[in-house]
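A short write-up of the structure that comes next.
A note on names: the letters A, B, ... follow the listed sequences, proteins ahead of strands, and every chain is numbered from 1. From a predicted model like this one, the values you see are computed outputs, not experimental measurements. The figures here come from the full heavy-atom set of this structure, side chains too, leaving out hydrogens, waters and symmetry mates.
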Amino acid sequence: MQNQEIAKTFYEIADFLEIKEVEYKPRAYRTAAENIESLSTDIEDIHDRNELEEIEGIGESIAEKVAEYLDTGYLAYYEDLKADLPIDIEAITSVKGVGPKTAKKLYLELDVLTLEDLEHAAENGAIAELEGFGKASQQNILDRIEWAKRSQERMLLGRAFPIARSIETRLQNSDAFDRVDIVGSFRRRRPTVGDLDILATASAPEVAMEEFCTHDNVKEVLARGNTKSSVIVSGGLQIDLRIVDDSEYGAALIYFTGSKDHNITLRNRAIDHGWKLNEYGLFDVSDVDDVRGGQRVGKRIASETEPDIYDTLNTTWIQPELREDTGEVDAAAASELPDLVERSDMKGDLHLHTKYSNGSHSVREIAVAADELGMEYILITDYGPHVPTPHTLDAETFDSQQTEIKEVNDDADIAVTVLQGIEAEITDEGLEIPEDWHEACDLVVAGIHSQPSNPTEQVRIAFHEFPIDVFAHPTNRLINEHGSLDLDLNVVMETASDEHIAVEINARPERLDLDWQFIKEYRETVHYVVSTDSHMTDELDNMQLGVSQARRGWCETDNVLNTRSLDDLMAFYGK
DNA sequence: GCCGTTTTCGGCCCGACTGTTTTCAGTCG
C-alpha cells in the first residue's frame with residue numbers, strides 16, 4: 001500500500017510549486033494528495049485496473065505521475081523539483097507558521113535546507129535580521145521547532161477523550177461561556193485527532209478568551225483574538241477556540257465539525273439553489289451581484305441550528321460520524337441514512353483479559369465492573385497457546401478459570417452472564433488449541449499477533465478448517481506504532497462471511513481495528529462485533545470508542561452481533 | 001493541473017490572525 005507515500009510526495013510537489021510561484025498547480029497537487037490519502041483501496045489496485053483518472057482530482061497528468069511512481073519507484077518530475085530546490089520542505093513546513101514562501105526566503109537568504117539549519121539560523125539571530133521578519137517571528141520559529149519534532153503523530157482519540165471532556169466541562173461550568181461544543185475531527189470521532197476544536201458562545205467574548213488563554217494548563221498561546229484563539233496545553237495538544245454569535249451557532253457547528261469535503265459538498269448543494277453556505281449561515285444570494293462583497297451578503301435563510309440548515313438544503317440532519325463525504329449527503333437527501341448503532345445498544349463484550357493471562361483483574365472483578373456498566377454478558381478471552389506473550393493459558397489455568405467463571409455465574413449478586421472463551425493465535429498450522437478447549441469454550445476468538453509472511457492464506461485456511469467465531473483486530477495495526485498486516489481484506493472479509501465468522505471492531509484506542517472505511521465497505525455482507533479487549537476494568541468504557549467507529553462505518557444495530565441478547569447471539573452461531 | 005445538468009476555456013473557498021511592511025502577505029484551518 002503506497003497511498004500515503006504518494007500523497008506525501010504530491011504534498012511536497014505542491015510546496016515546491018508554490019515556492020516557484022506557479023499558479024493553481026499547487027492546489028491541484030494538494031487536492032490529489034488529499035484524495036489519495038483518504039482512499040480506502042490500494043492505489044496500486046486502481047492502477048492495475050487502469051482507473052487512476054476516476055479518482056477525484058486526478059486527471060491525465062497526475063495519473064501518469066502516479067503510474068510512473070508505482071511502476072518505477074521513481075518520479076522524475078519530483079526529483080527534478082528537489083534537485084532544483086534541495087530543501088527538506090516537509091520538515092521545514094511542519095513548523096507552525098512556516099509555509100512554502102517562508103521556506104523559500106530562508107533558503108535564498110540563509111541557505112536553510114533542513115530543520116537543523118532552521119534551528120541554527122533562529123538561534124544565531126539571523127532570521128530576525130531578514131526583511132519581513134523580526135525578533136518575534138524568530139522566537140516563534142524557535143519555540144515551535146521542538147513542538148514540530150514531537151507532534152508528527154496525531155493524538156489517539158481515546159487519549160484525547162478525557163482531555164476534551166475535562167475542558168468541555170470546565171468551560172460549560174464557567175460564567176464566561178454560554179454554549180460549548182467540541183467540534184472538528186473529535187466530534188466526528190476520527191481514530192486520531194490533530195488538535196481539539198471548540199465552538200462556543202459568550203456574552204462577553206473578550207472575557208471568555210481571557211479565561212481560556214490564561215488557564216493554568218495553557219503552555220503557549222499561538223494566537224489570540226476576540227473570535228478565535230489557539231493554545232497549546234500541557235501534553236502538547238493544540239486547542240482552538242472559536243466564539244460565535246448565538247444566532248449563527250448551527251452554521252458554525254457544521255462548518256467547524258467538517259469534514260472539509262463534507263462541507264464542500266454541502267456548499268455545492270447550496271450553490272445549486274443559488275445560495276451560499278459559510279460559517280455564518282445559509283444565504284440567498286440569487287439577487288446579489290458580488291457574492292464576495294462580504295461574509296453575510298444576501299438574505300439569511302438558515303443559521304441557528306444544524307437541523308435548520310440541513311432541512312433547508314432538503315436533507316435530513318446528518319450524524320457527525322458520517323460527515324466524511326462518502327455519500328452521506330445524497331443518502332440524507334433521499335432520507336436513507338442508517339439508524340446508527342449506539343453505545344446503549346451494546347449488550348455484551350466479547351473480548352476481555354483477566355489475571356489468567358496478562359490482565360490486571362480477576363474474572364469476578366471484571367464481571368462486577370461489566371455488571372455496573374449494564375452488560376448482559378461477557379466473554380473472557382485469555383491468551384491461548386502460541387500467542388507471542390509469556391502469559392498464556394495452560395491446562396491447569398484453563399480449568400481454574402472455568403471454576404471461577406462458574407462461581408461468578410452462581411453468585412446471585414452478579415447479573416451479568418460470564419462466558420468462557422479464548423483468544424487463540426492463528427499460525428501457519430492453523431489454530432493449535434487442545435480439542436477439549438473447543439468443547440469447553442462458548443465462543444472462540446482468534447487473531448494474529450505476529451507478522452507472518454502470508455497472513456491472507458493463513459487466515460483463509462484457519463477460517464475454513466477451524467471453529468472460529470470472531471476474528472479479532474483484523475489488521476493488527478497499532479496506530480502511531482506499526483501499520484497493518486499485509487492482508488488482502490477482500491479475501492478475509494469474503495471468507496469470514498462464507499464461514500459465518502464475525503469480524504471484530506476492536507475498541508482499544510491504539511487499535512480501532514477494523515478501520516471505519518472497511519467497516520462501511522463490508523457492512524452488507526459481514527457481521528461485526530464491537531469488543532473492548534480490556535486488560536483492566538477501567539478499559540471497559542472504551543466500548544464507546546469502538547461503537548463510534550462502527551457508527552463511522554454506517555453500522556446499525558443489526559450489523560453488530562453483540563447488540564443482541566445472549567440467546568439471539570448464540571442462536572446466530574447455532575449454539 | 002483539474003473540472004464542467006449553464007462552461008472543453010476560464011475559472012479555481014474563504015475568513016481570521018500574525019507580524020510587521022503603515023496596507024498586506026503568509027499561514028492556517
One thing to verify: whether A:Glu210 and A:Arg224 come together as a salt bridge, which I'm taking to mean a side-chain N less than 4.0 angstrom from a carboxylate O.
yes
Separation of B:dG26 atom P from A:Leu222 atom CG, nearest Å, is 21 Å
Of the candidates B:dC28, B:dC12, B:dC2, the side chain of A:Arg27 sits closest to B:dC12
How far, in whole Å, is B:dT6 from B:dG11 if one measures between their C1' atoms?
-> 14 Å
Pairing partner of B:dG11, by Watson-Crick or G-U wobble and under 3.5 Å for both distances, is B:dC2
Glycosidic torsion of B:dT7 (syn if within 90° of 0, anti otherwise) classifies it as syn
Please classify the nucleic acid contact of A:Pro26 as base, sugar-phosphate, or nothing, using heavy-atom distances under 4.0 Å. nothing
For B:dT20 and A:Ser137 - does any side-chain N or O of the residue sit under 4.0 Å from the phosphate oxygens OP1/OP2? yes
note: A:Ile243, atom CD1; B:dA16, atom C1'; distance rounded to Å ~ 14 Å
request  = Please measure how far the P atom in B:dT22 lies from the corresponding atom in B:dC3, and state the result in whole Å.
outcome  = 43 Å
From the candidates B:dG26, B:dG15, B:dG1, the one with an atom nearest any side-chain atom of A:Thr102 is B:dG26
A:Glu23 CD to B:dG11 P, in whole Å, measures 12 Å
If we take the P atom in both B:dC17 and B:dC12, what is their distance in whole Å? 25 Å
Practice task
Classify the nucleic acid contact of A:Lys65 as base, sugar-phosphate or nothing, counting any heavy atom under 4.0 Å across all strands shown.
Solution key: sugar-phosphate
> What is the ring orientation for A:Tyr77 with A:Tyr29, classed by angle as parallel under 30°, tilted 30 to 60°, or perpendicular over 60°?
Replying inline: parallel
Give one of base, sugar-phosphate or nothing for A:Ile264, where a contact means two heavy atoms less than 4.0 Å apart.
nothing
| query | So, is A:Lys96 close to the B:dG29 phosphate, meaning a side-chain N or O under 4.0 Å from OP1 or OP2? | reply | yes
For this session: Have a look at A:Asn140 and say if it touches a base, only the backbone sugar-phosphate, or nothing, with a 4.0 Å heavy-atom cut-off.
Result: sugar-phosphate
- Task: Describe the nucleic acid contact of A:Asn35 in one word from base, sugar-phosphate, nothing, applying a heavy-atom distance below 4.0 Å.
- Result: nothing
Under 4.0 angstrom, heavy atoms only, what part of the nucleic acid is A:Glu60 near: base, sugar-phosphate, or nothing? sugar-phosphate
A:Met209 CE to B:dC17 P, in whole Å, measures 8 Å
B:dC14 and B:dT20: how far apart are their P atoms, nearest whole angstrom? 29 Å
Between CZ of A:Arg190 and P of B:dG29 the distance, given in whole Å, is 13 Å
(Q) Applying a 4.0 Å non-hydrogen cut-off, can you work out what A:Tyr255 is touching in the nucleic acid: base, sugar-phosphate, or nothing? (A) base
Ranking A:Thr227 and A:Phe133 by the position along DNA chain B of their nearest nucleotide, the one closer to 5' is A:Thr227
So, does A:Ser61 get its side chain near the phosphate of B:dG1, meaning an N or O under 4.0 Å from OP1 or OP2? yes
The residue, A:Lys101 or A:Lys135, whose nearest nucleotide of DNA chain B is more 5′ is A:Lys135
Please lay out, stage by stage, how A:Glu306 and A:Arg323 fare under the test salt bridge (charged side-chain N to carboxylate O under 4.0 Å, His left out).
CA-CA 13 Å; A:Glu306 285 192 337; A:Arg323 300 184 195 172; 2.9 Å; yes
Between A:Tyr280 and B:dA16, is there a contact of a side-chain N or O with OP1 or OP2 at under 4.0 Å?
yes
| In whole Å, what separates the P atom of B:dC2 from that of B:dC13? | 16 Å
Report task. Name the nucleic acid region contacted by A:Gly134, choosing base, sugar-phosphate or nothing; use a 4.0 angstrom heavy-atom cut-off, strictly under. Result -> sugar-phosphate
### Message
Mind checking if A:Val183 touches a base, just sugar-phosphate, or nothing, with heavy atoms under 4.0 Å?
### Response
nothing
Note to self: Regarding A:Asp261 and A:Ser259, do their side chains bring together a donor and an acceptor under 3.5 Å, going by distance alone?
What the structure shows: no
To the nearest angstrom, the CG-P distance between A:Asn263 and B:dC28 comes to 20 Å
Discussion item. Students often get this wrong, so: under 4.0 angstrom with heavy atoms, is A:Tyr29 touching a base, only sugar-phosphate, or nothing?
Written reply: sugar-phosphate
Between A:Glu56 and A:Asn35, the two heavy atoms sitting closest are O-ND2, 2.8 Å
Practice prompt. Could you check A:Lys520 against A:Arg552 for side chain to side chain contact (heavy atoms under 4.5 Å, CB included), going step by step and ending with a plain yes or no?
Written response: CA-CA 8 Å; A:Lys520 178 169 187 255; A:Arg552 287 175 64 77; over 6 Å; no
**Prompt:** Quick one: is B:dA16 close enough that its OP1 or OP2 comes under 4.0 Å of any side-chain N or O from A:Lys228?
**Reply:** no
- Any stacking of A:Tyr24 on B:dC12, going by centres under 5.5 angstrom and planes within less than 30 degrees? yes
Using a 4.0 Å heavy-atom cut-off, does A:Val98 contact any base of the nucleic acid, only the sugar-phosphate backbone, or nothing at all?
sugar-phosphate
Among the nucleotides B:dG15, B:dG29, B:dA16, whichever has the atom closest to the side chain of A:Asn278 is B:dG15
Closest of B:dC13, B:dG26, B:dG1 to the A:Arg267 side chain is B:dC13
Taking B:dG1, B:dG29, B:dC13 as options, the one with an atom nearest any side-chain atom of A:Lys260 is B:dC13
In whole angstroms, the gap separating P of B:dG26 from NZ of A:Lys104 amounts to 9 Å
Separation of B:dT27 atom C1' from A:Ile92 atom CD1, nearest Å, is 16 Å
message = Side chains of A:Asp513 and A:Thr475: any donor to acceptor distance under 3.5 Å?
response = yes
Item checked: Pairwise side-chain contact, A:Leu322 with A:Trp554, heavy-atom cut-off 4.5 Å (strictly under) -> yes
